[in-house]
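The structure under discussion appears below in the form of structure tokens.
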Amino acid sequence: MRINWAILLGLALVVAENAIVPWLIPPGWSDRLLPHLTFVLTIFVAGYAGRHPAFLFGLGFGLLQDVLAYGHLVGPYGFGMGLIGYLAGLLSEYKSYTVNLFSWAVLVFGLLLDSVVYFIYKLFRLTELEFAHVFYWQVAPTALLQLLIALLMYVPVRRYLVKPAHSSGEDSPE
């Protein structure tokens, strides 16, 4: 995996997520849909670079998201994305990342990320909402939107960030 390019793409996605995406989401849905584009990239990093780079990638970009966008508490997205990056990296050690496994990982780990953030907010009494309400109105729609975005990003990101298995003669013995 070309991790330097992944970091640059992650920075571009942070800018897009905070500057462009709010203009694209209708005003009535702006409090419901919170697409985490760097989270999807963290799942890519986990699948193709391993658990340790994914943990650091998720932790770094999660903390950046905490500081830039959410502000009530610094750390829930950093903790959640770091943990999920590590777990997704563990998953990639046992199974190769196909589009089916990647889709499943984005959906399940997307639900887990927003649930972890909710429970951290609930722990520090920053929210009084019930989990069933939050799951129905925010967590599930966000996970489905992230799945759609991940499927749209799959081929271009894999093409430009994942090194080919065998390069044309560079490392081959003569």
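Sequence positions, counted from 1, serve as the residue numbers for this chain. These numbers come from a predicted model, not from an experiment.
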Exercise answer: donor-acceptor pairs, residues 3-16 side-chain atoms, under 3.5 Å, sequence neighbours excluded:
none

Quiz item: What's the shortest heavy-atom distance between F124 and L73, and which atoms?
Solution: CD1-CD2, 3.7 Å
Quiz item: Among all residues two or more places apart in sequence or in another chain, which pass the side chain to side chain contact (heavy atoms under 4.5 Å, CB included) test with L83?
Solution: F79, L87
Practice problem: Could you list the residues that satisfy ring-ring contact (aromatic ring centres under 6.0 Å, His included) with F61, not counting sequence neighbours? | Solution: F57
Quiz item: Linking Ile, Leu, Val, Met, Phe, Trp and Tyr through side-chain heavy atoms less than 4.5 Å apart, which residues share a cluster with L24?
Solution: I20
Quiz item: Does P141 offer a backbone N or O that forms a donor-acceptor pair with the side chain of R32 under 3.5 Å?
Solution: no
Quiz item: If you look at every heavy atom in P53 and A49, which pair is closest and at what distance?
Solution: CG-O, 3.6 Å
Quiz item: Where do P76 and Y121 come nearest, in terms of heavy atoms and distance?
Solution: CG-CE1, 3.5 Å
Quiz item: Should Y97 and F44 count as side-chain neighbours, where that means a heavy-atom distance under 4.5 Å?
Solution: no
Practice problem: Please identify each residue that fulfils side chain to side chain donor-acceptor pair (under 3.5 Å) with Y86, with sequence neighbours left out. | Solution: R51
Quiz item: Among all residues two or more places apart in sequence or in another chain, which pass the side chain to side chain contact (heavy atoms under 4.5 Å, CB included) test with P22?
Solution: none
Exercise. If a pair satisfies side-chain hydrogen bond (donor to acceptor under 3.5 Å, both in side chains) and one of its residues is in residues 110-119, list it, with sequence neighbours excluded.
Key: H36-D114
Quiz item: Does some side-chain heavy atom of I43 sit less than 4.5 Å from a side-chain heavy atom of F109?
Solution: yes
Exercise. Using ring-ring contact (aromatic ring centres under 6.0 Å, His included) as the criterion, list what pairs up with F119, not counting sequence neighbours.
Key: F131
Practice problem: Could you list who else is in Y94's hydrophobic cluster, with ILVMFWY side chains joined at under 4.5 Å, directly or through other members? | Solution: none
Quiz item: Same cluster for Y154 and L161 if Ile/Leu/Val/Met/Phe/Trp/Tyr side chains link at under 4.5 Å?
Solution: yes
Quiz item: Under a single-linkage definition using a 4.5 Å side-chain heavy-atom cutoff for Ile, Leu, Val, Met, Phe, Trp and Tyr, are M81 and L123 assigned to the same hydrophobic cluster?
Solution: yes
Self-check item: Closest approach of L129 to K122 (non-hydrogen atoms, all atoms of both residues)
Solution: O-NZ, 3.4 Å
Quiz item: Mind checking whether Y77 and L68 sit in one hydrophobic cluster, side chains of I, L, V, M, F, W, Y counted as touching below 4.5 Å?
Solution: yes
Quiz item: Is there a path of hydrophobic side-chain contacts, each under 4.5 Å between heavy atoms of I, L, V, M, F, W or Y residues, that connects I120 with F135?
Solution: no
Quiz item: Does any non-hydrogen side-chain atom of E17 lie less than 4.5 Å from one of L34?
Solution: no
Quiz item: Do L113 and V139 come within less than 4.5 Å of each other through their side chains, counting heavy atoms only?
Solution: no
Practice problem: With sequence neighbours left out, write down each residue that passes side chain to side chain contact (heavy atoms under 4.5 Å, CB included) with I149, or none if nothing qualifies. | Solution: P35, L37, L145, M153
Could you pull out every donor-acceptor pair under 3.5 Å between side chains of residues 98-108 and any protein atom, sequence neighbours left out?
{"from": "T98", "atom 1": "OG1", "to": "L101", "atom 2": "N", "distance (Å)": "3.4"}
{"from": "S103", "atom 1": "OG", "to": "V99", "atom 2": "O", "distance (Å)": "2.8"}

Quiz item: Do S92 side-chain atoms and A46 backbone N/O form a donor-acceptor pair below 3.5 Å?
Solution: yes
Quiz item: Same cluster or not: are V45 and L151 linked, directly or through other Ile, Leu, Val, Met, Phe, Trp or Tyr residues, by side-chain heavy atoms under 4.5 angstrom apart?
Solution: yes
Practice problem: Please examine the side chains of L41 and V157, heavy atoms only from C-beta on, and report whether any two atoms are closer than 4.5 Å. | Solution: yes
